[in-house]
2 protein chains.
Amino acid sequence: MSPYTAASLKAELNSRGWRLTPQREKILHVFQNLPRGNHLSAEELYNLLDGRDEAISLSTIYRSVKLMARMGILRELELAEGHKHYELNQPYPHHHHHMVCIQCNKTIEFKNDSILKQSLKQTEKEGFQLIDCQLTVMAICPEALRMGWPSALPSNWSCTRVLSERMQQEHLDNEEAN
Amino acid sequence: MSPYTAASLKAELNSRGWRLTPQREKILHVFQNLPRGNHLSAEELYNLLDGRDEAISLSTIYRSVKLMARMGILRELELAEGHKHYELNQPYPHHHHHMVCIQCNKTIEFKNDSILKQSLKQTEKEGFQLIDCQLTVMAICPEALRMGWPSALPSNWSCTRVLSERMQQEHLDNEEAN
DNA sequence: CTCCTTGCAAACTATTTGCACATGT
DNA sequence: ACATGTGCAAATAGTTTGCAAGGAG
């Protein structure tokens with residue numbers, strides 16, 4: 001899972017009858033230069049390239065990330081936001097898991113090596129080869145509990161902390177896209 | 001997390017200013033009578049009720065399952081098929097995890113108590129209350145490996161076993177909807 | 001020079017929403 | 001009574017696909 005070069009990507013693609021195109025090379029390049037822990041949706045990747053005057057059509061983006069995920073080059077993340085995110089697949093130790101409040105959607109990332117171990121155990125048992133593993137923990141956050149979950153929470157309630165964090169995150173996302 | 005009765009569902013709803021309607025009661029009832037290990041998508045739930053001449057509109061189905069998931073009554077499953085499934089939230093020991101081949105989408109369910117323990121550890125550390133946890137293991141199945149993954153696999157290859165299993169599953173799904 | 005790949009626009013799927021009417025509390 | 005819930009149809013978001021033109025091997 002070492003970093004791909006254009007040449008090794010080409011070899012990998014060609015061996016299955018696929019081709020190395022400028023688009024695929026650019027996409028790989030973006031992910032290789034993405035700060036650790038970051039991940040992009042198809043749309044974010046599109047905007048990022050568009051901003052650099054290296055625009056690639058959205059359909060090609062979708063086709064490429066799906067292909068590269070299937071090849072094991074990219075990792076597909078199912079985050080709470082309802083659309084998929086991608087990042088370079090560098091299994092260990094850069095992967096993390098998610099804990100999300102089912103009441104307000106507040107999400108916390110965490111690392112845990114023992115989960116990887118259990119996944120490995122499971123793949124070995126069935127003769128699979130591990131590529132990636134992701135644990136999602138659904139829970140109720142302290143603020144919701146303090147408000148009296150499950151019964152005493154108004155229907156439109158949301159953790160106060162969540163809003164400001166979301167705004168901060170969006171701010172970061174915007175910077176990153178420039 | 002004991003089975004809800006119409007009365008306890010009503011209490012739970014009312015305490016947050018919501019109401020017990022025949023639709024919500026029917027939906028709860030369906031999930032309570034669902035064989036262990038089964039789960040329904042919004043559409044499947046719609047069809048099931050429709051077949052019983054107890055039709056509920058799709059939007060109401062969507063609104064209800066989302067509400068009940070947020071209340072902690074239902075559990076929302078993100079399976080590989082691209083749409084959400086729901087089942088009664090009876091945390092332990094009926095939950096399971098998934099291992100899926102990123103090459104052919106073959107999916108295997110498995111149980112593992114240690115994952116629940118790790119999730120519990122994480123929720124306690126952050127002061128959350130655990131509701132549910134789901135591990136997804138992305139891997140390459142033995143057949144794909146035998147075919148020479150990652151390089152020597154034709155672009156449209158799919159495990160032979162997968163197709164027949166899918167057909168069997170679809171067959172079961174159809175029976176269940178009647 | 002063949003077949004894969006791209007870009008565009010249109011199609012699609014799962015889900016959400018606006019609104020008028022109906023119904024629990 | 002009055003706010004919440006329902007059903008319908010239309011809207012939306014994310015993603016996929018058909019097709020003609022372009023480009024890699």
Side-chain angles (χ1 to χ4, degrees), chain A residues 6-7 9-28 39-47 49-50 53-71 74 76-86 105 153-157, chain B residues 6-7 9-28 39-47 49-50 53-71 74 76-86 105 153-157:
Chain A
L9 176 62
K10 181 175 191 308
E12 190 91 357
L13 284 164
N14 290 351
S15 71
R16 301 202 223 182
W18 293 322
R19 290 166 186 183
L20 179 63
T21 62
Q23 289 89 338
R24 289 175 183 171
E25 205 174 331
K26 275 179 201 159
I27 290 173
L28 176 65
H39 37 70
L40 299 172
S41 67
E43 192 113 18
E44 285 163 348
L45 178 53
Y46 173 82
N47 290 331
L49 284 161
D50 196 38
D53 282 316
E54 305 192 294
I56 297 177
S57 80
L58 247 187
S59 5
T60 299
I61 302 262
Y62 275 110
R63 281 187 279 232
S64 300
V65 291
K66 205 175 152 193
L67 178 71
M68 289 163 84
R70 208 176 180 220
M71 291 174 74
L74 294 182
E76 194 175 75
L77 306 173
E78 292 272 8
L79 301 182
E81 299 105 57
H83 51 262
K84 289 167 185 162
H85 280 73
Y86 296 85
N105 288 321
L153 232 37
S155 54
N156 58 352
W157 179 85
Chain B
L9 177 61
K10 182 175 191 308
E12 191 91 357
L13 285 163
N14 290 350
S15 70
R16 302 202 223 183
W18 293 321
R19 293 166 185 181
L20 179 63
T21 62
Q23 288 87 339
R24 289 175 183 170
E25 207 175 329
K26 275 179 201 159
I27 291 173
L28 176 65
H39 37 70
L40 299 173
S41 67
E43 192 114 17
E44 285 163 349
L45 178 52
Y46 173 81
N47 289 331
L49 283 162
D50 196 39
D53 282 314
E54 306 191 293
I56 297 177
S57 79
L58 246 188
S59 4
T60 299
I61 303 262
Y62 275 109
R63 282 187 280 232
S64 300
V65 291
K66 204 175 153 194
L67 178 72
M68 290 163 84
R70 208 175 181 221
M71 291 174 74
L74 293 182
E76 194 174 74
L77 306 173
E78 292 274 6
L79 301 182
E81 298 106 57
H83 51 262
K84 289 167 184 161
H85 280 73
Y86 297 85
N105 289 319
L153 231 38
S155 54
N156 58 352
W157 178 86

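So you know, we letter chains A, B, ... as the sequences are listed, proteins then strands, and number each from 1. Atoms considered below: every heavy atom in the structure, side chains included; atoms not considered: hydrogens, waters and symmetry mates.
For the pair B/Ala42 and B/Leu58, the tightest heavy-atom approach, listed with the atom from each and the gap, is O-CD2, 4.1 Å. The two atoms that bring A/Asn14 and A/Arg19 nearest to each other are OD1-CA, 4.0 Å, heavy atoms only.
Checking side-chain atoms of B/Ser64 against main-chain N and O of B/Thr60 turns up a donor-acceptor pair under 3.5 Å.
Here C/dA22 presents its C1' atom at 14 Å from CZ of B/Arg24, a figure rounded to the nearest Å. Rounded to an integer number of Å, the gap from OH of A/Tyr46 to P of C/dC8 is 7 Å. Here D/dT17 presents its P atom at 14 Å from CG of A/Leu67, a figure rounded to the nearest Å. Whole-Å rounding puts the A/His83 NE2 to C/dT13 C1' distance at 17 Å. Remark: P of D/dT15 and NE2 of A/His85 are 9 Å apart, rounded to the nearest angstrom. Rounded to whole Å, atom P of D/dT17 lies 17 Å from atom CD1 of A/Ile61. One interatomic measurement links the two molecules: NZ of B/Lys66 to C1' of D/dG5, which rounds to 15 Å at whole-angstrom precision. Note: CG (B/Leu9) to P (C/dT25) measures 10 Å, nearest angstrom.
Contact check for A/Glu25 versus A/Lys10: no side-chain heavy atoms found under the 4.5 Å cut-off. Within the 4.5 Å cutoff, side-chain heavy atoms of A/Arg16 are placed close to those of A/Met71. Contact annotation: the side chain of A/Arg24 approaches that of A/Leu13 to within less than 4.5 Å [non-hydrogen atoms, C-beta and beyond]. Using a 4.5 Å heavy-atom cutoff, the side chains of A/Trp18 and A/Glu12 are not in contact. Contact of the B/Leu77 side chain with the B/Lys84 side chain is not registered, since no non-hydrogen atoms from C-beta on lie closer than 4.5 Å.
Comparing C/dT5, C/dC8, D/dG25 by their nearest atom to the side chain of A/Lys10 picks out D/dG25. Side-chain proximity of B/Ser57 to C/dT16, C/dT5, D/dC8: nearest is D/dC8. The side chain of B/Ser59 lies closest to D/dC8 when the candidates are D/dC8, C/dA14, C/dG7.
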Taking only nitrogen or oxygen atoms into account, show me every contact under 3.5 Å that the protein makes with nucleotides 19-23 of chain D, one pair per line with its distance.
{"from": "D/dG23", "atom 1": "N2", "to": "A/Arg19", "atom 2": "NH1", "distance (Å)": "2.8"}

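For A/Tyr62, a side-chain nitrogen or oxygen approaches OP1 or OP2 of D/dT15 to under 4.0 Å. For B/Gln23 and D/dG7, the shortest distance from a side-chain N or O to OP1 or OP2 is below 4.0 Å. Distances shown here put every side-chain N or O of B/Asn14 at or beyond 4.0 Å from the OP1 or OP2 atom of C/dG24. Phosphate contact (OP1/OP2 of D/dG14, side-chain N/O of A/Ser41, threshold under 4.0 Å): absent.
Side-chain to base pairing of A/Thr21 with C/dC4: no donor and acceptor N or O lie closer than 3.5 Å to each other.
With rounding to the nearest 0.5 Å, the separation of CD in B/Gln23 from CG in B/Leu28 is 13.5 Å.
For A/Lys26, the NZ atom counts as densely surrounded, since its 6.0 Å shell holds more than 12 non-hydrogen atoms of other residues, nucleotides or ligands.
Nearest-nucleotide positions on DNA chain C place A/Leu58 closer to the 5' end than the other of B/Leu20 and A/Leu58.
Rounded to 10°, the helix from C/dC1-D/dG25 to C/dT25-D/dA1 has 40° between the axis fitted to its first five pairs and the one fitted to its last five.
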